[in-house]
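Here's the structure, in structure tokens; my notes come after.
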Amino acid sequence: MKTQTKIAFSLVLFNSFILLSFSIGIYFFLNEYSYIDFYKRLETRASIGAKYNLKIDSANAETFKKIRDQHLEKLEAEREYILKVSAKTDFEQLSEAHQVPVSLLKNIMKEGRARYQEGNVFYSGIKFKHENATYIVIVSANNRFVSHHLKFLRNILLWGILFTVVVTVYLSVYFSKHFFDPIKEMIDKVKQISTENIHLRLKEPENNNEISELASTFNDLLNRIETAFETQKNFISNASHELATPLTAIIGEADVALIKERKPEEYQKVLQNVLQQAERLNEITRSLLFLAQTGYKGKNVAFEIVRLDEVVWEVKALIDRLNPENKIMLDLSLLPEDHKKLKVSGNKQLLHLALANLLNNACKYSHNKPVSVHIGSSQEQVMLFIKDQGIGIPESDLPFIYDPFFRASNTHLFEGFGIGLPLARNIIKLHNGTLVLTSKAGSGTSVQISFPLARLVK
């Protein structure tokens with residue numbers, strides 16, 4: 001069942017239930033009230049009838065009779081009984097003689113007043129004592145309100161319920177249909193979007209906040225998907241280029257070497273070129289493997305308690321051996337007195353790799369100009385700041401710096417594969433850390449890294 005049909009059905013069922021309950025309540029309470037009211041009217045007539053028939057109030061007896069005749073409505077089949085009774089009265093005979101229910105007579109004698117109903121005929125009786133005699137005054141009549149008016153009310157309520165249900169069905173279907181029109185338009189629009197026209201976006205209504213929010217959410221999702229597609233295309237394009245370059249060189253060297261017989265030293269030179277290109281290819285594939293592994297939440301990575309300052313010193317020592325001309329300067333002025341505030345939970349080898357990539361980039365793209373490294377901590381984090389004086393990154397290239405194989409437009413004079421920065425960010429994210437990079441072409445690059453402090457068992 002469609003949501004539109006469910007909503008319409010629920011509205012009809014809910015409204016019908018409320019209307020039916022309301023109508024039943026009206027009919028029930030009015031029906032109860034009609035009985036009480038009719039009995040009171042009969043009791044009033046019985047009291048007035050006793051006063052003017054028995055001359056209980058002789059001065060006003062005629063006045064009571066005039067009031068009754070002029071102002072009290074004549075009830076349908078109204079009858080009045082004035083019965084004189086005594087201790088020897090046979091109520092069975094009295095009942096047969098006047099066609100009055102015997103139980104009513106007995107209840108009146110016992111309680112002083114009583115009510116009785118027989119079909120649509122209602123009885124109300126009162127016991128009076130006058131001049132040492134006991135009388136029973138009874139008034140009976142047909143309750144036209146019950147027999148006629150309540151039936152009329154019942155018919156009106158039934159037809160009203162039927163009419164309201166029909167109108168509710170129509171309005172529920174109409175409004176539920178038009179309510180879902182914007183969603184249907186969105187569904188039709190989304191069905192048109194594919195990889196060929198992923199740039200299409202949904203129209204965001206201005207008057208409907210919920211629909212507008214849904215359209216905006218879809219558009220945000222499409223933006224992310226489009227970005228992912230573009231990233232994938234760039235990755236495939238760049239990876240194909242980076243892998244094809246050494247492969248082309250290897251194939252070319254082999255083809256040239258096989259054209260004719262050559263001297264041993266020429267073959268040796270060819271093999272050296274092939275080995276160099278193979279090592280480059282191996283380095284690219286290893287970097288890709290590291291990048292892929294760090295992108296899987298590190299499920300197989302072993303973590304331990306590591307001091308970040310020790311990792312930095314070890315990385316600096318490694319770079320000093322590989323690049324003696326570097327000018328990495330460690331600033332220890334921000335080091336905390338408590339060494340526990342330098343400890344993080346992580347994998348030492350991966351942290352080595354991430355920091356080595358960042359510091360190597362800082363040295364390489366600044367032509368070995370000074371690179372400052374600051375280590376500090378707060379109550380919750382260990383922080384590392386790296387600042388170089390290199391070529392920087394153009395503003396237009398900043399959104400793509402974490403795409404694998406992407407290299408900024410001003411790096412064509414430098415060797416590299418464009419994997420170091422994405423790999424470093426993945427490793428830092430794997431350690432629940434953050435990497436914030438700010439740069440400007442010609443003004444160098446600043447990197448701020450933060451890791452949560454390790455929770456040590458006391």
Side-chain angles (χ1 to χ4, degrees), residues 195-196 227-296 298 300-301 315 317-326 347 349-350 352-368 390-391 393-394 396-397 400-427:
T195 54
E196 287 76 21
T227 301
F229 269 111
E230 291 299 323
T231 302
Q232 185 184 36
K233 287 180 181 178
N234 290 334
F235 174 79
I236 293 173
S237 176
N238 293 327
S240 300
H241 174 73
E242 292 293 337
L243 292 172
T245 300
L247 285 173
T248 302
I250 291 172
I251 294 170
E253 291 285 348
D255 284 341
V256 171
L258 293 173
I259 290 176
K260 63 179 182 178
E261 290 289 336
R262 298 183 182 276
K263 298 177 181 180
E265 56 269 18
E266 291 179 341
Y267 282 119
Q268 188 176 7
K269 185 178 180 180
V270 169
L271 289 174
Q272 287 177 348
N273 291 336
V274 169
L275 178 61
Q276 183 181 2
Q277 296 299 327
E279 287 176 346
R280 183 183 178 189
L281 189 61
N282 182 54
E283 188 176 348
I284 293 173
T285 53
R286 283 182 61 199
S287 299
L288 285 175
L289 181 61
F290 268 119
L291 188 65
Q293 287 176 340
T294 56
Y296 285 110
N300 298 321
V301 178
V315 170
L318 175 64
I319 295 175
D320 287 341
R321 291 196 302 272
L322 298 176
N323 179 18
E325 296 181 1
N326 80 83
N347 182 279
Q349 290 181 339
L350 290 179
H352 257 275
L353 181 61
L355 296 181
N357 275 316
L358 293 173
L359 290 175
N360 270 325
N361 283 348
C363 294
K364 178 171 64 174
Y365 293 114
S366 65
H367 298 286
N368 285 324
I391 62 173
I393 303 172
S396 59
D397 292 340
F400 311 104
I401 58 176
Y402 297 115
D403 293 350
F405 292 109
F406 176 82
R407 303 193 71 209
S409 56
N410 58 348
T411 61
H412 56 278
L413 297 177
F414 300 86
E415 292 185 358
F417 308 118
I419 297 179
L421 189 57
L423 179 59
R425 189 185 69 156
N426 276 9
I427 292 173

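Only this structure's heavy atoms are used, side chains among them; waters, hydrogens and symmetry mates stay out.
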Run the side-chain donor-acceptor check on residues 262-272: report pairs under 3.5 Å with partners two or more places apart or on a different chain.
residue, atom, partner, partner atom, Å
Arg262, NE, Val256, O, 3.2
Arg262, NH2, Val256, O, 2.8
Glu266, OE1, Lys263, N, 3.3
Tyr267, OH, Arg262, N, 3.4

Looking at Arg407, is its backbone amide N or carbonyl O close enough to the side chain of Thr411 to form a donor-acceptor pair, meaning the two atoms are under 3.5 Å apart? no
Measuring from atom CG of Leu353 to atom CG of Asn426, what distance do you get when rounded to the nearest 0.5 angstrom? 11.0 Å
Rounded to the nearest 0.5 Å, how far does CG of Asn357 lie from NE2 of His352? 13.0 Å
Run the numbers on Asp255 and Ile259 for side chain to side chain contact (heavy atoms under 4.5 Å, CB included), then give the verdict. CA-CA 6 Å; Asp255 284 341; Ile259 290 176; 5.7 Å; no
All side-chain contact (heavy atoms from CB on, under 4.5 Å) counterparts of Leu318, not counting sequence neighbours: Arg321, Leu322
Across all chains, not counting sequence neighbours, the side-chain contact (heavy atoms from CB on, under 4.5 Å) partners of Ser409 are Pro394, Asp397
Would you please test Leu358 and Leu421 for side chain to side chain contact (heavy atoms under 4.5 Å, CB included) and show each step? CA-CA 7 Å; Leu358 293 173; Leu421 189 57; 3.7 Å; yes
Applying side chain to side chain donor-acceptor pair (under 3.5 Å), name anything that partners Asn273, two or more places apart in sequence or on another chain. Glu253
side-chain contact (heavy atoms from CB on, under 4.5 Å) partners of Asp320, counting only residues at least two apart: Lys316, Asn326
State which residues pass ring pair (Phe, Tyr, Trp, His ring centres under 6.0 Å) with Phe414; sequence neighbours excluded, sorted by chain then number. Tyr365, His367
To the closest 0.5 Å, what do you measure between CG (Asn323) and CG (Asn360)? 7.5 Å
Once rounded to the nearest 0.5 Å, what's the spacing between atom CZ of Arg425 and atom CD1 of Ile401? 8.5 Å
